[in-house]
Amino acid sequence: RLRLHDGKLIKDRRYHLRTYPNCFVAKELTDWLIDHKEAPDRETGIRLMQKLMDHYIIHHVCDEHSDYKDAKLLYRFRKDDGTFPLNKDVKVFMRGQSLYEKLVSVEESILKVREENSVKYQRTFLGCEMIDWLIQEGEAENRKEAVELGRALLEHGIIQHVSNRHHFFDSNILYQFWINFRRRRRLTELLNENSSCALSESPDSPFCLRKLNPDPGNTSFLSVQTNKEIKIVSAVRRSSITSLTGNSNPYFSTTPTLVFPPVAECNPKSVLKRPVTNEELLSPGAPYIKKTLTIVGDAVGWGFVVRGGRPCHIQAVDPGGPAAAAGMKVCQFVFSVNGMYVLHLDYQTTSSLIMTGPRTLVMEVMEAIE
């Protein structure tokens, strides 16, 4: 996706007097796959993109086509419009990727090549070392929460005991990251995902999201049913799943879905004195100034609430949170999130964009001139 953005294949496109942001033309993308050796021919390229559609990674901009057509039709990555499904499996996978990137980026990393029973293993760490690191970096509040996180990563195939004999424990047992998130992947791995042999021979594949004890009928990428699985109505914070579900054990909950409090319980009255339209915000000479805020999330998130839609506004700010420190205030209007224009989006979609993005959040906001 990022390579397509860099190559300008993904861009705003106009069709029938309407502009579709961040989309690509199917036929052009098929050409690109062949030119960049990601697919040997058009048939394979089409099959690859159909796999991405089946996994809810891309979709037709108007959702009028459920299959990928090698034609002049517009498609979009769901991460570019905030509709990427955020079920539990994906959340754990993204958390694992974030932790891995953080670990390999430091000079004195706990990830090392170690030997056990005369066998060398890559990307290894001791269970107790990982627990210490998670607490030190603010990724977990205590050892119990850190163990639960480690167990979730193991059950989803992101880490494992080097000889696959133990679950995750706070001990000197040796574990390793089973997935090398920095290995350059080939899209053709998707076509082998149904082959158990292929998965076992390619442990570094990002598509082998698997559980040791998978839930019946639950796959790695499930479509989120609106208003059923995820209802984004809380402050945009990366708080632990424990606090979101009210369950003391977030990774072994009997309820597989995340259900947030209903809107009525989360400050339903708008802080805005009156409704404001996009036209009013963008009109020449309007009494608004644009500001760019860079917010680095802490252990529990960023500390603000987004509400409304077209445009969204800041409904609440945690006085002691990262957003307040960056200069965020209530009644500001959200102009862009990590470079993506969002004035035309509702708060659920905007919140999803924030939650699926990096920990360092760059937002442009419109603030009224006093």
Side-chain angles (χ1 to χ4, degrees), residues 12 18-22 80-84 86 224 226-228 230-239 243-244 258-298 300-370:
D12 296 353
R18 179 178 175 183
T19 299
Y20 296 90
N22 295 318
D80 285 332
D81 63 10
T83 61
F84 186 71
L86 281 177
V224 175
T226 306
N227 298 325
K228 289 187 179 180
I230 296 179
K231 300 179 181 178
I232 303 176
V233 300
S234 65
V236 184
R237 298 178 65 84
R238 292 175 188 251
S239 52
S243 63
L244 298 178
L258 297 178
V259 179
F260 292 80
V263 177
E265 296 179 12
C266 192
N267 194 10
K269 186 176 180 180
S270 174
V271 295
L272 299 179
K273 295 181 179 179
R274 63 177 181 82
V276 177
T277 64
N278 286 334
E279 290 73 17
E280 184 177 346
L281 280 178
L282 301 175
S283 62
Y288 295 93
I289 184 173
K290 186 190 295 183
K291 293 184 176 181
T292 301
L293 309 178
T294 300
I295 309 168
V296 181
D298 59 17
V300 293
W302 298 277
F304 64 95
V305 178
V306 176
R307 281 294 178 274
R310 306 178 183 90
C312 297
H313 64 272
I314 304 302
Q315 175 76 3
V317 179
D318 180 357
M328 181 172 284
K329 303 175 184 177
V330 296
C331 296
Q332 290 174 334
F333 295 94
V334 184
F335 183 87
S336 71
V337 173
N338 294 324
M340 181 177 176
Y341 176 78
V342 297
L343 281 181
H344 62 296
L345 301 178
D346 56 26
Y347 78 86
Q348 293 97 332
T349 305
T350 301
S351 296
S352 180
L353 279 174
I354 295 169
M355 295 291 287
T356 58
R359 193 163 189 168
T360 300
L361 175 65
V362 179
M363 290 180 63
E364 288 183 301
V365 295
M366 303 285 288
E367 181 179 317
I369 300 175
E370 298 179 356

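Note: hydrogens, waters and symmetry copies are ignored here, and every other heavy atom, side chains too, is used.
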* Would V342 and Y347 satisfy side chain to side chain contact (heavy atoms under 4.5 Å, CB included), going step by step from the backbone distance to the final call? -> CA-CA 9 Å; V342 297; Y347 78 86; over 6 Å; no
* Does the side chain of L353 come within less than 4.5 Å of N338's, by heavy atoms? -> no
* To do: State, yes or no, whether a side-chain contact exists between W302 and L293 at a heavy-atom distance under 4.5 Å.
  => no
* Structure fact -> Quick note, salt bridge (charged side-chain N to carboxylate O under 4.0 Å, His left out) partners involving residues 325-354, not counting sequence neighbours, are K329-E367
* Do L281 and P311 come close enough that some side-chain heavy atom pair is under 4.5 Å? -> yes
Under 3.5 Å, which donor-acceptor pairs link side chains of residues 320-327 to any protein atom two or more places apart or in another chain?
none

* Asked: Sequence neighbours excluded, which residues qualify as side chain to side chain donor-acceptor pair (under 3.5 Å) partners of S283?
  -> none
* Side-chain donor/acceptor of R310 to backbone N/O of L345, under 3.5 Å -> no
* **Pairwise side-chain contact, F333 with V276, heavy-atom cut-off 4.5 Å (strictly under)** => yes
* **Min side-chain heavy-atom separation R307-H313 under 4.5 Å** => yes
* Restricting to pairs with a member in residues 332-342, which pass salt bridge (charged side-chain N to carboxylate O under 4.0 Å, His left out), not counting sequence neighbours? -> none
* Could you check if a side-chain atom of C331 sits within less than 4.5 angstrom of a side-chain atom of Q315, using non-hydrogen atoms only? => no
* Asked: side chain to side chain contact (heavy atoms under 4.5 Å, CB included) with L282: which residues, sequence neighbours excluded?
  -> F335, Y341, L343
* **Contacts of R274 that satisfy salt bridge (charged side-chain N to carboxylate O under 4.0 Å, His left out) - sequence neighbours left out** => E280
